[in-house]
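What follows is one structure encoded as C-alpha cells, with my remarks underneath.
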Amino acid sequence: MPHGINTDRRTFMKSGVAAGTLVTVAGCLGEDPDQDEFTVTLSQFPDTIDPLDHITGDYFDVYDHIYEPLFDFEPGEGIFPRVVDSWEATEDGVTELQLIDDVVFHNGDELTAEDVAWTINRTVDPDLGVPSPIGTFGLGSITGAEAVDETTLQVMHSASAGLAEFEYGNYARAIPRDWAIDNHDAENEAISGSDAEDFNGTGPYEVVDFTSGEEIVLERFDDYWGDEPPFERVVFNADGESSGRAAALETQETDLTINILPEDVDTVDAADGVEIRDVTSFRTVFCPMKNTVEPFDSQEFRQAMNYAVDNQGIVDTVLSGFGEARGQPVSPGINGFNDEIEPYAQDVGMAESLVEESGYGGAEIELQAPQGRYLNDAQIAEQVADQIDQLDNVSCDVNIGDFEVVSDANQAGVDPDEFEIPFYMIGWGVITGDTDYGVQGFFRIPDNPNRTFEDEELSDAILESQQIDDPDERRAQLEEVNRLAHEKAPFVYLHTQESIYGIKEEIQWDPREDETVYLWEMEQ
C-alpha cells in the first residue's frame, strides 16, 4: 500500500487553521498593521546559510520556513503528505516518492524530482557538496536518490523501509540544482553569501533582508503552493543570554524566545502580556568520551566517570527541576527507550575503585563545554568536572567555549590523528521519535566517519535493528541497543532537558517535544 493516503486529514486540518488565521490576521491588519510582524529571538544565530550544512535546532527554526520539509512530521504519529503526496516501497531498499504539482522556488523555477534527488545526494554523498551532518545523523541509511520523471523519484536505503521513512520524512528538503551550481558552485562548496538572493527554497516565506550574524527578515511568498502562513513578515534574531531574551519579551521587542533558563522563568511570568510555555523535550544532554585514546579506551574508566557525577543533584539545583536524570541515550516516549535502565547513581567509592581497575589512576582529563546552547550548560559542565575532580585518583578541568568548538569535536570522528577533543558536552534531540536517530550517528561503524565511539558489538546491534521490519521485534532490539549503551558507557549520561519558551499570551501555539518551531502552526 502506498503511504500518504491521509491527505484528507491534513487538508482538513490545514484548511481549518488557515481559515481561522485569515480572519484573525485580517482583523489585526485593520486595527494595527504592525501586529502582522512576528519576531523570534533564538539563542544562536545560524553561522551558515547552506540549509544542509548544519543539524542544529535554531538553524532549522529559521531555514524550515524557507526550505520547507517535504513531509509534515508529528511526534508520536509519523509523517504526513506535504510536498510529497505519496510514497511506496517498491522493492527491497527502494522507495518511490511522488511530488505534488505546481511547486515553485522563490526565484520562479519549478520544483522537479531531479532537484530533490540532487539535494538528497548532496546531503548523503561526502564527495558531493559539503560533508553534511544531516546526511550522517539524519539520513544515515539513505544511500542516494534518482529522478524517474518530473515528479517521481526513487530513494535508495540500506535499512528497512520503515526506518528509512523516519529519516527522509524528517530530513528531506529541496534546493534548486541549477541555481545552486550556477550561483554557488554547490557541488564543491557550501552555499554562502550575504544577500537575500542567496536563499532560494519552496517554503511559505522568502528572504527579503539579511544581515549576516544578526538578523534575517522573511515575507510571505506570494506564489506559495500551500495555505497562507499566519504572519506577513517574520524577523529572526538571536541573543546568547537568556536574561537578554527575557528582557526582549518584557519590552515587547520580540514575540517568542527559546531556551529561557530556569532562573528567568519568574521574570517572564511576571511580565505583562507574555507567559512561559514548556514541554519535556526529546533532547538528552551528555558528555561523549572517544574510546580510541587513553584513558577513555577503558570501559571501567568510562563507567567510573558516570558514578562520579550526581545527575539528579544537578537537575535539582542547577536546573531547578527542569529536567530528568538519564542513563541511556534517549528519553521516555522515544521508540526503543528501555524503561528497565536506571541512571547511574553517584557512588564516589565505586568510581575510585573502577578507576584503579582501569589502570588509569592519576589520569588528568579536560571537559570541553558550550555556553548558552543548552539550559545552564556551562554551570552544569563546571559541576560535572568538579565532581570528577573530587575523586582521589582523577583530576578534571573544564573549558567553556563556543558551541561550534563542541560541534566540530562531535563530527571529527575517532581517528586520534583527526581530533583534539576527546571529552565534551553536547545535547541531542531525537526528533524522529526513534532510538536509531539517537545512536547510529554516534556508534555505527564502519561507514560513519563522524562516529564518536568504536565498538563492534554496539554497532552490530544497531545494524541488526535497521534490518528488522516487524515493529515489536525492532523495538525490542532497540531496547537492547540502549542496554548496551548504558553498560559500555560511551557517554557520561546527564539528563533530558525541558524546552522552555517565552511567548506573547495571545499567540495560540503549543511547544513540540521535538523542539521544532513552525510559524504555520500558530494562530493569533
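Index from 1, following the sequence. Note: hydrogens, waters and symmetry copies are ignored here, and every other heavy atom, side chains too, is used.
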Under the criterion side-chain contact (heavy atoms from CB on, under 4.5 Å), which of Thr123, Ile55, Ile142 is the partner of Tyr171?
-> Ile55

For residues [X] and [Y], report the shortest heavy-atom separation together with the two atoms involved.
X      : Y      : value
Ile260 : Leu375 : O-CD2, 3.6 Å
Val285 : Leu494 : O-CB, 3.0 Å
Thr56  : Arg373 : CG2-NH2, 3.4 Å
Asp377 : Gly372 : OD1-N, 2.9 Å
Gly441 : Asn448 : O-ND2, 2.9 Å
Thr267 : Glu250 : CG2-OE1, 3.6 Å

Would you call [X] and [Y] a salt bridge, using N to O less than 4.0 angstrom?
X      : Y      : value
Glu473 : Arg475 : no
Arg451 : Glu454 : yes
Asp297 : Arg302 : no
Glu457 : Lys488 : yes
Asp455 : Arg444 : no
Asp239 : Arg245 : no
Asp50  : Arg122 : yes

Has Glu263 got more than 12 heavy atoms of other residues, nucleotides or ligands less than 6.0 Å from its CD?
-> yes

Around Glu364, counting heavy atoms of other residues, nucleotides and ligands shown, do more than 12 lie under 6.0 Å from its CD?
-> no

Using a distance-only test with no angle check, is there a side-chain donor-acceptor pair under 3.5 angstrom linking Glu357 and Ser353?
-> no

Does a donor on one side chain and an acceptor on the other come within less than 3.5 Å for Glu167 and Ser141?
-> yes

Could you walk me through whether Phe236 and Phe45 pass the ring pair (Phe, Tyr, Trp, His ring centres under 6.0 Å) test, one step at a time?
-> CA-CA 8 Å; Phe236 287 95; Phe45 197 86; 8.7 Å; no

Stepwise side-chain hydrogen bond (donor to acceptor under 3.5 Å, both in side chains) check, Asn399 with Gln368 | CA-CA 5 Å; Asn399 186 23; Gln368 178 76 39; 2.9 Å; yes

dist Phe443:CZ -> Leu484:CG (nearest 0.5 Å) comes out at 10.5 Å

Measure the spacing between CG of Leu139 and CZ of Arg173 and express it to the nearest 0.5 Å.
-> 9.0 Å

Got a sec, which pairs hit ring pair (Phe, Tyr, Trp, His ring centres under 6.0 Å) with one end in residues 266-287, sequence neighbours left out?
-> Phe286-Phe442, Phe286-Phe491

What residue pairs, at least two apart or across chains, pass ring pair (Phe, Tyr, Trp, His ring centres under 6.0 Å) with a residue in residues 402-426?
-> Phe296-Phe423

Would you check, one step at a time, whether the test side-chain hydrogen bond (donor to acceptor under 3.5 Å, both in side chains) holds for Glu498 with Thr280?
-> CA-CA 4 Å; Glu498 292 269 315; Thr280 301; 2.5 Å; yes

Go through the steps to decide whether Trp509 and Glu523 satisfy the test side-chain hydrogen bond (donor to acceptor under 3.5 Å, both in side chains), and finish with yes or no.
-> CA-CA 7 Å; Trp509 173 73; Glu523 292 182 77; over 6 Å; no

Output every pair passing salt bridge (charged side-chain N to carboxylate O under 4.0 Å, His left out) with a member in residues 384-404, not counting sequence neighbours, ordered by first then second residue.
-> none

Mind checking whether Tyr518 and Trp520 have parallel, tilted or perpendicular rings, split at 30° and 60°?
-> parallel

Could you walk me through whether Thr39 and Thr254 pass the side-chain hydrogen bond (donor to acceptor under 3.5 Å, both in side chains) check?
-> CA-CA 5 Å; Thr39 300; Thr254 190; 5.3 Å; no

Evaluate ring pair (Phe, Tyr, Trp, His ring centres under 6.0 Å) for His157 paired with Tyr168, printing each intermediate quantity in order.
-> CA-CA 10 Å; His157 40 86; Tyr168 60 69; 7.1 Å; no

Residue among His486, Glu487, Glu479 satisfying side-chain hydrogen bond (donor to acceptor under 3.5 Å, both in side chains) with Arg483 | Glu487

